Structures are given as structure tokens and as C-alpha cells.
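Please read the structure below before turning to the comments.
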Amino acid sequence: MSKIRDCITRALVGVLSDTFKTTRESIEKLFSTGRLKLTPTPDPKLGDYGISLHILLKNYDKSSWEEIGLKLCNAILEAAREECGVEKAEFINGYLNMTVSHDRVLLDLAKLFLNNEISRDLSGIGAGRKVIVEHTSANPVHPLHIGSGRNSVLGDVLARLLKKLGFTVDTRFYVNDLGRQVATLTYGVQIAESAGIRKPDDAKIDHWYGVIYAITNTLIELDKLRSSLNNIGDSVLSLLRKLLEALREKSKQGEFLELSLILTEIQEKTKFVHNSPLLFKKLYKACRVHAKKLSEDPDLAPLVNQILDALGKYREAWIEYKRFHRAEMRLSTTYPHLYSSLKSAIKSYVEAEDSIKEITKRAESGDEEILSTIRRVTQDILEGFKSTLSKLDIAFNGFDFESSSEILGLAREVVNKISRTKYARVLESGAVEVDLNSAAQDYSYVRDLFYPDQAGRFIIMRSDGTTLYTTRDAAYTLYKFRALGASEVYNVIAVEQEREQKQVKATLYVLGYDSEAEKLHHFMYEMVQLKGVRMSGRRGVYYTMDELLLDMEECVYRSLIRERGAPAGPEDVISKLAVANTRSLLLSVEPGKVLSLDPSKLCEYEQGTIIEYAFVRAQSILRNAFNLEPLEDPVGLSSKIREILEQINSSFERRALSVEEKLLVELLVDLKTTLLEAYRELKLNRILEYAVKLALQFNKFYEKCPVIGERNEKTKAWRLLLVYVTHRVLLELLDVLGLPKLKRI
RNA sequence: GGGCCCGUCGCCUAGCCAGGACAGGGCGCCGGCCUUCUAAGCCGGAGGUCCCGGGUUCAAAUCCCGGCGGGCCCGCCA
């Protein structure tokens, strides 16, 4: 690609400036601004590359276009035939189309792979610089679900890509063991354990803790919601009384007769056995119906608005309550013992939250007893994470704990340092707030970071002296640069945390760590949406990666039976294809866009299989041709290819490639740009798309162009070369995408 | 209330930043092709107001403005 395209572009600059009698500089400018661009043609019949010249031609009369075109064709052939391999040029409707000799391109590519120049070239970009990729970092309170899975796969592929580009990559998992979520789980675990509840032997550990967390949280939330429904209800009733009085006083009952009747009825009914949500619904309707007329009265209007406002809140809380209630039903039925012991221990949300706060506080102050419980639970869950991720071939260089003395020490340092700046102030409660708005006035970096939004303020230390996630995150970032020696850091974190990540950067910048702030990259990705399911870790509603992998295996198994009649083939093929499809699924959409998945159509995600299948096919051709195992004997393979190259070189014969062969060569050449673009724009889905495209094109080639059975020895040699390069490119892609390298299916 | 992102065949998605030739793929659907490198494949077909309306331009899915619809963020949560 780029080599040929660059070459032709360079030639075009000269040709165009001569023909249109302008300076080279002005043509170059048109190219650099993208006004002129050499692109692949939409149809191979038109040639390989084309360029729209309308921008230059619009000053000329249409009748002279043909003449100009002819001149251009001759000129470009002369300028680029030898140099760039342009063998044909045509002028059509203002487009200059060129056909390139692909045989030379293919020869070049084969040589590059044989001498490993491709890898050397790619690895020059990182040149050994150390980068940290932090990913997954899921709260250790429930198993990894499909959302965390997207994070894991994106992070893993980014790490693999960076490695391929020559960076020294350190992958880290940040363990949020000091947050409220872990404290809540710990609280639940303490209750369950003191009640003698044990994990069922066959339950996977992270899933078990996920249940404890969900039940604990659900019980607390339900009590909290009950109390807030009560409070809102009370205030609604007192507002209702006031409204009735007001109506009576103003003797406007006549005017609002119907409303008064309904209001009175509602008020009376509250004295009997009644259904609050239903009554309030009625009240809401009545107020809405008369809202317009009521709003005309300056005394009644504010009252009605308050009622409507309160009822809106009531409704919201009620919906939330129903959600948690449904979760409670499900959880209590499935885990009756665990549920009842937690239920009897969690008497009020106030008490529970106090206990949870206490756990956080003790943990942060280094209380060994509570820390050992937290560490035990966290470690267990992390083991669960590791076993899930290892199935997907994802591993970490290290785990960093929030509760570690290094990070807590740095967190204190951050608080102390920022407190000495003029951007921090101590609130009445004792909490410390950072005012980034005023920092934005002094630093354009901070202003630009949040632009066009306000930078805002945030709390960096609670009134009880404990730190917040953002504080510890800033500390962790310093840890990454200082202790881990990173020169660049990528945080693979969901978009929801965009603001928090900016706050971290701004904080570091204000503290004088400007280069660290600039070298901290937030690799944002959007959520995974399951069709028809509202996922919530807090309610224990999620599609876990463990389940997804199992479902995917079933899909693969079924299609094996469908296509072959029997699940033949090597043993681990099913699980490996499931892994390939799962990774592809999570990678298939641009990271910044929502990935919506219909679980009932899971089996339709087969991009992984498509790639694997092409890879296996390429191998089988090479295996049959050279009588060796391509993956096990790369040296033997190279020497065979070298023989073919010598054979081709000695005959000096040019070869016209078929359409299938040409299109395949075109794609093969794109490896480097694809990887670079994916890296530059952090659009990792491009790599997958490229791999799928390549696999599909290889299938077409495979169908049309026999290799082993080809009688003509020269044709066979060229095709073997093409298969070899395809095999090598696919190998690189599987590496970066983290897909298994299957030998046979 | 303020800010950000997204809207492309029945479904999913690429292209948009750097505007160009009939808007690419995949899934699903319909019709063909297995004695030849394993057909999880290949060939052909149907299917589109590129959310809507203006503007800029020789040229708009792409750029600008205004709507509509969906998601996310604005916690002493993480």
C-alpha cells in the first residue's frame, strides 16, 4: 500500500504540476490537505488506484479534458512505470486511474517477511520505551461480566499491539480494595461467616462472593428506599393538606370542584388500609390535569409544583424499589440460607452503612484485622478473575492494591501537596475540596482539558479523613511513573469515568507533574448493552464472562455438528474457537461506541472462526506443498520459500495476477498501516476488520486458484508465495488479536 | 439546567476527523456449487429516505447551522 501509493503520489506531484502549469508546492499542498488523494478504485476493472482531478480540471473547459487526460496518462506512465510499477493509466470522467503490477509487490512482501524486516520495522516505533497498560481493574465484588470483558479484551489487544510496535509493555490490574463496594462485600461476608454459611463446594468463588455482595447490597438498598419512600410520602401528604386548606381558604373549591373532591378522597383514604403508590399515582394524575389552571394562581402554583416534584421523586424511587425487590425475590429463592442470615442481621440501612464506613476507615488506617479479611476475600475473587481471563489468554504482569502502603502514602502526599495550593479549601465539615475552576483560570491545560465544559470542583478527602477513589487514582498514577518506571501510561477505563480521569490529570498538572499528566492516556470505551436486560452488579444481574464462554462453546459445538455431522477434529478446537469468537465479539465495535448484543443471536458472531479457518487453510496448503508443519518448522518453511524466490528471480518473468490474487496482494500490503492506524487512533476494531477482510479474500483466492494441484510450475510458485505471505500476515494478526493459533479444525 | 457521544438495508457494523466515481462488510433471507489444497467455504439474488430540514461546494453519509430520537457524565460512589 503505502509504499506503492507513496511512490505514485510522489510521481504525480511532478506530473500534475507540469501538466497544469503550477508549482510543485501548490500540488503538494493539495495532497497534504487531502484535497487531492490517491485512493483504491471502487472496481478493479477501473484499475488499482485512482485520483479525482476535478479540483484542477474545473478551470478548464470540458472539451479539453480528454486531451489533458491523454497527456497525463503518458506522463505518469513515463514517470512511474519503472519506479512504482505502474503499467497502465487511464483517464475517465476526471479521474486518473492506474494499474499496478502486483507481482513485484508480492515479491517485495515475501522478501520482507523472509528477512523479518516487517517485525523490525514495526518494533522501531516503540524502540523499547516502557508503557503501562492498566486494564480490567474490575471491583473485586462480583465475577467479571461482559462489560469488564470488553475492557479486558481491549486492554489485552492494546498491550499486544504495543508490544508488536516495540514497546516494553507492563500490564497492571488495579485492585480497588478500599472502596465502598469492597467494604460492603466484607460486611456481608462477616455476617455470612459468623452465621456459619459456607460456599457450596462446586460454586466458583468469585460468583459466590458476587451473590453475597448482591444480597447485602439489595437488602441495604431496599431499606434505604423504603425509608425514602416513606419520607417523600409524608411530605406529599402534608403538602396535600396545605393545598386543600389553600383551596378552602380561597373558597376556590367551586372553581376546582373536581380536584378538591379527588384530593379530599385521597386524604380520607390514607386513614384506612391503603396502597400508597396507587394513591399517589391518582394524586399525580389529578394534579397534572389541573396543573395549568392551578399555575395561574400565584398562591397555589408553588404548592402544586412541590407536590408534582415530590411525586416525581416518589415514582423514581418506587421504580428503583421494584427493581431491587425483584432481585431480592430471585436471590432469596436461589440462596435461601445465605439470604435469611443476611436478612436477619441487616436491620437498618443506617446501621449497615455505619458498619461499612467503619470498615473503610479501619482499612485505610491500616487495621490489620480488617485488612486481612479484605485481602482474603479480594484474593479469592482475583483468583476467580484470573481463571476466567486465562481461558481468554489474558494475563497481567502485576496487581497493584489500593490498600498498599505505597499508594496510601502517595495519596496522603497528594492531599498534603494540593492542600498547600490555593486551589484547595477545607469545608466546614473538614472535607478538602479542590476547585478546578480556579485552576482553569491559571492553567490553560486544565481549561482545555475540560473545555467546553466547566472544570468544576471535587472532594479529594472526606471529612472523616479517608481518601476517595480519585485521590488514590492520582496517587496510583504517580506510582506508575515513579515506582514502575513508565514513560507512558494507558488506562483502559469506561467512558463513564471520563470526568474522573480528567480530574486526575488536572490534579497532577496543578501539583507540577505536568509531564506525567500529559503522558497519561485514558483509553475510553463505551458500555456493553444486552438487549432486553438491564445489567446491574449491585443487584446481581449480569452476563458473566464464564457464562458467555460456555454459551459460545455451545454455539461452536452446534455448528460443528451442523456442518460436519459430528464434532470431529482435535479436542480443544471447540474451546479455542469459542475464545476466538468471544474475543472478536468484544473487539468488533469501535471502542468509543456502544456494543449492543442480543444474547439470543450469540451464535451469529463468528468472525473469530472465519479468521481461524483461513489461517488453518493457509497452513494446510503449505503443509501439503512442503511436507512440513508450518508453525513448528518456520526455518524449514523459510528455506523452501527462499528456493521459490530464487527460481522466480532467475527467470525474470513478469506475471499478470488474477483478480483474486491481486486483491489479496492489495490487502496483504496493508498490514503495517492497519496496525499503525489502530494504534494512532486507538481503534482496535480496525485490526479485526482487516483480519476478517483478509480471511474472506483468502477464501476467494482459495476457491478460484488451486495451488497444490496447479500443473503450471510457475503459477504454482507464485501462488505458494502468496499463501506464504498470507500465512505470515495472519500470524501477525493472530498475535496482536490474541487469537489461538490453530493447526487444524 | 450544563457538557460529551451516537443515529447508515430486517439486525449488527465500516466509511465521517483530512468531502469525490454505483455507501463497503457480516448475520439473516432466496437460488446455485462438495469424486480435485477439509464446503465453518464459494458464486448469484432480493433488501438503503446514510434520522429530518436548511447551508457551503463542480461534488455531502462525510463540513456548517437548526431540529428530532437514544446513551453517558455532572456524588464526602467507584
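Not measured: the values here are computed from a predicted model. Numbered from 1 within each chain, the chains take letters A, B, ... in sequence-line order.
Base pairing of B:U35: no nucleotide in any strand meets the Watson-Crick or G-U wobble criterion (both distances under 3.5 Å). Across all strands shown, B:C63 forms a Watson-Crick or G-U wobble pair, both distances under 3.5 Å, with B:G55. When both pairing distances are held under 3.5 Å, B:C16 makes no Watson-Crick or G-U pair with any nucleotide shown. Base pairing of B:G28 is not made with any nucleotide, judged by Watson-Crick or G-U wobble geometry with both donor-acceptor distances under 3.5 Å. Pairing of B:U49, defined by two Watson-Crick or G-U wobble distances under 3.5 Å, is not identified with any nucleotide.
Using bins of under 30°, 30° to 60° and over 60° for the plane-to-plane angle, the ring pair A:Trp65/A:Phe91 lands in the perpendicular bin.
One can place CD1 of A:Ile51 at 13 Å from P of B:G19, the figure rounded to the nearest angstrom.
Considering only side-chain atoms of A:Tyr702, the nucleotide from B:C12, B:C42, B:A39 that sits closest is B:A39. Checking B:G71, B:A40, B:C43 against every side-chain atom of A:Ser559, the shortest atom distance belongs to B:A40. Among the nucleotides B:A40, B:C43, B:A78, the one closest to any side-chain atom of A:Lys700 is B:C43. Distances from the side chain of A:Glu500 to the nucleotides B:A78, B:C11, B:A40 place B:A78 closest.
Between A:Arg538 and B:C77 there is no side-chain polar atom (N or O) within less than 4.0 angstrom of OP1 or OP2.
Remark: the separation of the C1' atoms in B:U36 and B:C42 is 15 Å, to the nearest Å. Between B:C52 and B:G7, the two P atoms lie 13 Å apart (nearest whole Å). Here the separation of B:U8 from B:G26, taken at their C1' atoms, is 15 Å to the nearest Å. B:C5 and B:A39 have their P atoms separated by 47 Å, given to the nearest Å. Atom name P, nucleotides B:C74 and B:A78: the rounded distance is 12 Å, in whole Å. B:G2 and B:C63 are spaced 26 Å apart, taking the C1' atom of each and rounding to whole Å.
Scanning atom types as modelled, one donor and one acceptor separated by under 3.5 angstrom connect the side chain of A:Asn97 and the base of B:A21.
Taking A:Cys555 as the reference, A:Cys603 meet the disulfide (SG to SG under 2.5 Å) condition, with sequence neighbours excluded. Remark: A:Glu677 engages A:Arg686 in a salt bridge (Lys or Arg N to Asp or Glu O under 4.0 Å) (not counting sequence neighbours). For the ring pair (Phe, Tyr, Trp, His ring centres under 6.0 Å) test, residues two or more places apart in sequence or in another chain that qualify with A:Tyr542 are A:His142. Residues passing the ring pair (Phe, Tyr, Trp, His ring centres under 6.0 Å) test with A:Tyr187: none are found, sequence neighbours excluded. Residues meeting the salt bridge (Lys or Arg N to Asp or Glu O under 4.0 Å) test with A:Lys741, sequence neighbours left out: A:Asp735.
Under 4.0 Å is where a charged nitrogen must lie from a carboxylate oxygen, and between A:Lys502 and A:Glu498 at least one such pair does.
A:Asn93 comes within contact range of no nucleotide atom at all, as no heavy-atom separation falls under 4.0 Å. Across all strands shown, A:Pro706 has heavy atoms under 4.0 Å from base atoms, whether or not it also approaches the sugar-phosphate.
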Below 3.5 Å is the cut-off: list the nitrogen or oxygen pairs between protein and nucleotides 29-31 of chain B, distance only.
none

Under-3.5 Å N/O pairs linking protein and nucleotides 15-18 of chain B:
residue: B:G15; atom: OP1; partner: A:Arg686; partner atom: NE; Å: 3.4
residue: B:G15; atom: OP1; partner: A:Arg686; partner atom: NH2; Å: 2.9
residue: B:G15; atom: OP2; partner: A:Glu590; partner atom: OE1; Å: 3.4

Distances for protein N or O near nucleotides 73-75 of chain B N or O, under 3.5 Å:
residue: B:G75; atom: N2; partner: A:Arg180; partner atom: NH2; Å: 3.4

Identify each atom pair where a protein N or O and an N or O of nucleotides 55-57 of chain B are less than 3.5 Å apart, giving names and distance.
none

Please report the C-alpha distance between A:Leu36 and A:Leu53 in whole Å, then the side-chain angles of each, then the deciding distance to 0.1 Å, and finally whether the side-chain contact (heavy atoms from CB on, under 4.5 Å) criterion is met. CA-CA 7 Å; A:Leu36 276 176; A:Leu53 299 173; 4.1 Å; yes
Derivation and outcome, side-chain hydrogen bond (donor to acceptor under 3.5 Å, both in side chains), residues A:Gln501 and A:Asp473: CA-CA 9 Å; A:Gln501 286 291 300; A:Asp473 203 7; 3.1 Å; yes
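At most 12 non-hydrogen atoms from other residues, nucleotides or ligands lie less than 6.0 angstrom from CG of A:Asn627. Other residues, nucleotides and ligands contribute at most 12 non-hydrogen atoms within 6.0 Å of the NZ atom of A:Lys693. Around CG of A:Asp309, the count of heavy atoms belonging to other residues, nucleotides or ligands within 6.0 Å exceeds 12.
Each ring-ring contact (aromatic ring centres under 6.0 Å, His included) pair with one or both residues in residues 602-624 of chain A, not counting sequence neighbours, appears once here: A:Phe615-A:His727.
Contacts with RNA chain B (heavy atom under 4.0 Å) in residues 609-620 of chain A: A:Thr609, A:Tyr613, A:Arg617, A:Ser620, listed by number.
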For a quick test of your reading: what N or O donor-acceptor pairs under 3.5 Å do the side chains of residues 456-464 of chain A make, sequence neighbours left out?
residue: A:Arg457; atom: NH1; partner: A:Asp435; partner atom: OD2; Å: 3.3
residue: A:Arg462; atom: NH1; partner: A:Thr466; partner atom: OG1; Å: 2.8
residue: A:Arg462; atom: NH1; partner: A:Thr467; partner atom: O; Å: 3.2
residue: A:Asp464; atom: OD1; partner: A:Thr466; partner atom: N; Å: 3.0
residue: A:Asp464; atom: OD1; partner: A:Thr466; partner atom: OG1; Å: 2.7

